[in-house]
Amino acid sequence: MSDQPTRWSQATVYPDMWADPDDDPRNSEGASPDGELATLQDFLTNYRTTLRMKCEGLDAEQLARRSVPPSTMSLLGLIRHLAEVERDWRNWISDGDPLPKLYGERDADFDRAVAEQAEVDAAYSDLEREQASTDAALAEHPDLGERLGKDGIAVRELMVHRIEEYARHCGHADLLRECIDGRVGQ
């Protein structure tokens, strides 16, 4: 007998998918968004939704379960990390003093991700708040070529970087989730 979970998918229409098309909140019918900004926002929204989907149905212990040593990566750590990163991106576009770290010193977002429901709830709350704050800050700058902050980062560059960050961590979430309960799918 193996300690490894059996691979499975909830999808029945396309077994390599996470969910059936009718149940997938990312599945949109019709034309894609018009314009570069709307397209970037759509991709970001879909990756944010994907991360949440990969975490659904898991308890605090499962969300906090580490990958393989020496890594401290967990799904809960990813949620906390992305909240921290959203805050950091606001620091990039601000001319003022930087906002303090949410979780303390470097890697505390992963290192201190513990299996307690209060920690899970706080992490989701932090992520939602930080996403909304960064989205609101960027909504004031619809020109993708506008340069912001002390380093003059272009809004376009920041949007692409945000998509890249979520996409990369959704790949990590795929592997973490499969190790936890065997669920697979895009």
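For the single chain, residues carry numbers from 1 onward in sequence order.
Residue-environment remark: CG (Asp16) exceeds the threshold of 12 foreign heavy atoms within 6.0 Å. Around CZ of Phe110, the count of heavy atoms belonging to other residues, nucleotides or ligands within 6.0 Å exceeds 12. More than 12 heavy atoms of other residues, nucleotides or ligands lie within 6.0 Å of OH in Tyr103, so this atom counts as buried by the packing criterion.
Between the side chains of Gln131 and Asp135, no donor-acceptor pair of N or O atoms lies under 3.5 Å.
Using a cut-off of 4.0 Å between Lys/Arg side-chain N and Asp/Glu carboxylate O, Asp24 and Arg26 are scored as salt-bridged. Ion pair Arg80/Asp126 not flagged as a salt bridge, since none of the NZ, NE, NH1 or NH2 atoms sits closer than 4.0 Å to an Asp/Glu carboxylate oxygen. Between Glu61 and Arg65 a salt bridge is recorded (basic side-chain N to carboxylate O distance below 4.0 Å). Salt-bridge annotation for Arg162 and Glu86: present, with a side-chain N of the basic residue lying under 4.0 Å from a carboxylate O of the acidic one. Remark: Glu56 does not engage Arg52 in a salt bridge, criterion side-chain N to carboxylate O under 4.0 Å.
Taking CG from Asn91 and CG from Asp151, the interatomic distance works out to 11.5 Å, rounded to the nearest 0.5 Å. Taken to the nearest 0.5 Å, the CD atom of Gln10 stands 12.5 Å off from the CE atom of Met17. Distance check, rounded to the nearest 0.5 Å: CD1 of Ile79 to CD of Glu128 gives 10.0 Å. To the nearest 0.5 Å, the span separating CD on Glu116 from CG on Asp121 amounts to 11.0 Å. Note that the CG atom of Asp34 and the OG1 atom of Thr39 stand 7.5 Å from one another [nearest 0.5 Å]. The line from CD of Glu140 to CG of Leu148 is 10.0 Å long, rounded to the nearest 0.5 Å.
In plain terms, the two heavy atoms of Ala137 and Arg90 that are nearest each other are CB-CD, 4.2 Å. Here the shortest heavy-atom pairing between Arg87 and Thr134 reads N-OG1, 4.4 Å. Taking both residues in full, the closest heavy atoms of Leu176 and Ser67 are given as CD2-CB, 3.6 Å, listed atom of the first, atom of the second, then distance. Shortest non-hydrogen contact noted between Ala64 and Val114 is CB-C, 3.8 Å. Nearest heavy atoms, Leu76 versus Ala123: CD1-CB, 3.6 Å. Of all heavy-atom pairs spanning Arg112 and Glu119, the tightest one is O-OE1, 4.4 Å.
Cluster annotation: Leu144 and Leu158 are assigned to the same hydrophobic cluster (Ile/Leu/Val/Met/Phe/Trp/Tyr, side-chain heavy-atom contacts under 4.5 Å, transitive). Put simply, Met53 and Phe43 are part of two different groups of oily side chains (I, L, V, M, F, W, Y) that touch within less than 4.5 Å, one to the next.
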Could you walk me through whether Glu165 and His81 pass the side-chain contact (heavy atoms from CB on, under 4.5 Å) test, one step at a time?
CA-CA 10 Å; Glu165 184 85 12; His81 172 70; 3.0 Å; yes
Worked check of side-chain contact (heavy atoms from CB on, under 4.5 Å) between Arg129 and Leu102:
CA-CA 12 Å; Arg129 181 190 65 246; Leu102 285 172; 3.5 Å; yes
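Taking 4.5 Å as the limit, every side-chain heavy atom of Lys101 sits out of range of all side-chain heavy atoms of Asp109. Taking the side chain as every heavy atom from C-beta outward, Asp107 and Thr72 never approach each other to under 4.5 Å. Asp143 has its side chain out of reach of Val155: every pair of non-hydrogen atoms, C-beta onward, lies at least 4.5 Å apart. Trp18 places none of its side-chain heavy atoms less than 4.5 Å from the side chain of Val184.
With sequence neighbours excluded, no residue satisfies ring pair (Phe, Tyr, Trp, His ring centres under 6.0 Å) with His141. Every residue two or more places apart in sequence or in another chain was checked for a ring pair (Phe, Tyr, Trp, His ring centres under 6.0 Å) with Tyr124, and none qualifies.
Using the six-membered ring where Trp is involved, Trp89 and Trp92 have ring planes that are perpendicular, over 60° apart on the 30 and 60° scheme.
Although no hydrogens or angles enter the test, the distance criterion places no donor-acceptor pair under 3.5 Å between the side chain of Lys54 and the main chain of Thr49.
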